[in-house]
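Each chain gets a letter, A, B and so on, in the order its sequence line appears, and its residues count up from 1. A quick note: this is a predicted structure, and the numbers were derived from the prediction, not measured.
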Amino acid sequence: MTHDAQRSFETAWSDGRVADLRDALAGWYHAGHRKLPWREDISPYRVWLSEIMCQQTQVATVIPYFHRFLSAFPTVTDLAAADEQDVLALWAGLGYYRRCRNLHAAAKVVANELGGVFPGSAAELLALPGVGRYTAAAIASIAFGEVAAVLDGNVKRVLARLDAEDTPVNTGPGERLQWALAEKLVSRDDPASHNQAMMELGAVVCKPGTPDCPRCPVSDVCAAFAAGTPDQYPVKKKKKKAVAVRGVAAVCVDDDGRILLARRPDDVLLGGLWEAPGGPVDGSTAKDSGGGEDDGAGRAALTQHLSERLGIRDAPGAYLGAVTHVFSHRRLTLDVYQLRATKGSSRDPLSFYTAASWFDASALGSQHAPLSRLTEKVLELASDVQVWP
DNA sequence: AAGACGGGGAG
DNA sequence: CTCCCAGTCTT
């Protein structure tokens with residue numbers, strides 16, 4: 001932060017204002033808060049699992065996944081011993097699949113190198129894969145009572161409004177300013193409740209758009225409320241829009257109703273998941289990359305991908321239609337073709353996929369093959385046009 | 001500093 | 001449509 005920002009920051013947060021904030025926040029939180037599964041039977045394992053799942057994911061989305069994981073893997077040792085494909089299959093649909101592989105890797109570290117006991121400090125937790133500054137502080141404070149501040153999307157919004165901060169929160173200077181303020185404000189007596197209260201406040205009162213200031217316990221120490229401009233915070237630098245891209249995929253079903261799927265490599269989009277084989281169509285880099293129709297470019301790209309990636313040299317058959325899917329940084333139009341089953345087409349070494357296998361199409365969900373929502377859309381399209389019964 | 005990385009909910 | 005969500009990692 002700049003020297004001026006540092007000085008105004010110190011001036012703005014007198015000991016009295018800090019104490020008022022902590023007390024009002026604690027009183028509000030203890031008077032009633034959401035009952036969340038990971039707030040009961042607190043253990044490092046449960047807190048860690050919930051924090052990883054909650055990264056960039058809404059609480060309501062996480063809850064059913066949290067229950068399924070705990071049921072399948074009651075302890076970190078159980079998780080460490082599981083097959084990674086089975087862990088991914090339970091994670092399927094939650095997104096950001098790197099989180100899942102990091103989760104599994106961290107479980108192995110804890111189980112195999114640390115005797116099944118989680119590190120007891122934020123500094124040590126930070127060394128686990130998938131655990132950054134936020135998550136390390138969350139686990140350390142909630143599970144171990146360490147005085148370590150958290151800064152997530154909720155807290156950023158709360159702090160930006162408390163200080164009417166004009167520095168964009170999604171920039172280096174803005175982040176440094178906010179971490180410093182969060183560390184200054186965190187309660188020395190009960191950091192676990194303080195951190196959860198800050199996030200709870202952001203989630204249920206100090207919401208994006210129009211906050212519910214009349215119900216806010218800390219409005220009397222809030223600069224944005226005093227100025228009547230809470231809706232103007234947090235200030236953010238605009239993100240770039242997702243660019244449109246085009247792809248092709250083949251639905252290949254044999255006479256026994258089994259479908260050919262291939263597993264994507266780890267270090268790519270949707271890494272480790274299975275899909276109907278295909279790949280990108282290198283179109284013009286113009287705004288509209290085309291797609292959504294049966295054309296020569298799509299057929300040529302699919303023919304090449306099937307040959308290079310799987311050693312399949314048959315040409316695509318009927319055009320089944322298109323599915324669209326939006327990622328955070330890509331807007332994909334995927335053209336789907338049928339492919340005549342070619343049993344025993346000898347397979348060259350896989351160049352992109354890490355595996356290829358036939359799956360019983362009527363029981364895909366129970367075969368431990370993790371599928372993305374995109375692939376589910378492809379299978380749904382094929383089912384709609386009755387590629388298989 | 002900027003981009004990659006999913007999917008769904010809310011307005 | 002847009003924005004956002006109990007962020008982390010790589011380049």
Response to the item:
Sorted by position of nearest nucleotide on DNA chain C, 5' first, the leading residue of A:K236 and A:Y96 is A:K236
Worksheet item: Quantified in whole Å, what is the P atom distance between nucleotide C:dA6 and nucleotide B:dG11?
Response: 14 Å
Worksheet item: A:R99 has an atom CZ; how far is it from atom P of B:dG6, in whole Å?
Response: 9 Å
Item to complete: In sequence, state the C-alpha distance, the side-chain angles, and the governing distance for A:D212 and A:R215, and then conclude on salt bridge (Lys or Arg N to Asp or Glu O under 4.0 Å).
Response: CA-CA 6 Å; A:D212 195 359; A:R215 283 181 41 207; 3.2 Å; yes
Item to complete: Answer yes if the side chains of A:Y134 and A:E51 hold a donor-acceptor pair under 3.5 Å, and no otherwise.
Response: yes
Worksheet entry | Lys/Arg-Asp/Glu bridge criterion (N-O < 4.0 Å) met for A:E376, A:R373 | yes
Worksheet entry | Side-chain donor/acceptor of A:R246 to backbone N/O of A:L334, under 3.5 Å | no
Response to the item:
Here the distance between atom C1' of B:dA4 and atom CG of A:D266, to the nearest Å, is 16 Å
Worksheet item: With a non-hydrogen cut-off below 4.0 angstrom, is A:K377 in contact with a base, only sugar-phosphate, or nothing?
Response: nothing
Worksheet entry | Contact boundaries on DNA chain C for chain A, cut-off under 4.0 Å to non-hydrogen atoms | C:dT2 to C:dC9
Practice prompt. Check every strand shown and say whether A:F327 touches a base, only sugar-phosphate, or nothing at a heavy-atom separation below 4.0 Å.
Written response: sugar-phosphate
Discussion item. Any donor-acceptor pair under 3.5 Å linking the side-chain atoms of A:E275 with those of A:Y353?
Written reply: yes
Discussion item. Checking side-chain polar atoms at under 3.5 Å, does A:D231 have a donor or acceptor matched by the opposite partner on A:T210?
Written reply: no
Worksheet, complete the sentence: Of A:L126 and A:T57, the one whose closest nucleotide on DNA chain C sits nearer the 5' end is A:T57
Worksheet entry | side-chain N/O A:H325 vs B:dG7 OP1/OP2, d < 4.0 Å | yes
Worksheet item: Is it the case that A:R39 and A:Q196 place a side-chain donor and acceptor less than 3.5 Å from each other?
Response: yes
Worksheet entry | Cationic N near anionic O, under 4.0 Å, A:D163 to A:R157 | no
Worksheet entry | Within residues 29-42 of chain A: residues closer than 4.0 Å to DNA chain C (heavy atoms) | A:R34, A:L36, A:W38, A:R39
Worksheet item: Can you check whether A:V147's main-chain N or O pairs, donor with acceptor, with A:R188's side chain at less than 3.5 Å?
Response: no
Worksheet entry | Side chains of A:R99 and A:T57, donor plus acceptor under 3.5 Å | yes
Discussion item. Test your reading of the model: is there a side-chain donor-acceptor pair from A:R101 to the backbone of A:G271, 3.5 Å cut-off?
Written reply: yes
Item to complete: For A:S50, report the nucleic acid contact type (base, sugar-phosphate, nothing); a contact means any heavy atom under 4.0 Å.
Response: nothing
Practice prompt. Could you check whether A:G202 gets within reach of a base, just the sugar-phosphate, or nothing at all, counting any heavy atom under 4.0 Å?
Written response: nothing
Practice prompt. Kindly indicate whether a cation-pi arrangement holds for A:R68 with A:Y65, taking the cut-offs as under 6.0 Å to the six-membered ring centre and within 45° of the axis.
Written response: yes
Polar atom pairs (N or O), protein with nucleotides 1-3 of chain B, under 3.5 Å:
from	atom 1	to	atom 2	distance (Å)
B:dA1	OP2	A:G172	N	3.2
B:dA2	OP1	A:K237	NZ	3.4
B:dA2	OP2	A:K237	NZ	2.7
B:dG3	OP1	A:K240	NZ	3.3

Practice prompt. Establish, yes or no, whether a centroid distance under 6.0 Å links the rings of A:H67 and A:F69.
Written response: no
Worksheet item: Going by distance alone, is a donor N or O of one side chain under 3.5 Å from an acceptor N or O of the other, for A:Y97 and A:D266?
Response: no
Worksheet entry | DNA chain C contacts among residues 143-151 of chain A, heavy-atom distance under 4.0 Å | none
Worksheet item: Side chain of A:S50, backbone of A:W48: donor and acceptor closer than 3.5 Å?
Response: no
Discussion item. Need one value for A:L94: base, sugar-phosphate or nothing, where a base atom within 4.0 Å counts as base even if backbone is also close, heavy atoms only.
Written reply: base
Worksheet, complete the sentence: side chain to side chain contact (heavy atoms under 4.5 Å, CB included) filter on A:P230, not counting sequence neighbours, yields A:R161, A:P211, A:C213, A:A224
Worksheet item: How far, in whole Å, is B:dG6 from C:dT11 if one measures between their P atoms?
Response: 16 Å
Protein and nucleotides 9-11 of chain B: nitrogen or oxygen contacts under 3.5 angstrom:
from	atom 1	to	atom 2	distance (Å)
B:dG9	O4'	A:Q58	OE1	3.1

Item to complete: Would you classify A:G153 as touching base, sugar-phosphate or nothing, given that sugar-phosphate means primed atoms plus P, OP1 and OP2, and contacts are heavy atoms under 4.0 Å?
Response: sugar-phosphate
Fill in: Separation of atom CG in A:L371 from atom P in B:dG7, rounded to whole Å
11 Å
Practice prompt. Could you walk me through whether A:Q58 and A:T61 pass the side chain to side chain donor-acceptor pair (under 3.5 Å) test, one step at a time?
Written response: CA-CA 5 Å; A:Q58 296 187 345; A:T61 303; 4.9 Å; no
Worksheet, complete the sentence: In whole angstroms, the gap separating P of B:dC5 from CG of A:L273 amounts to 13 Å
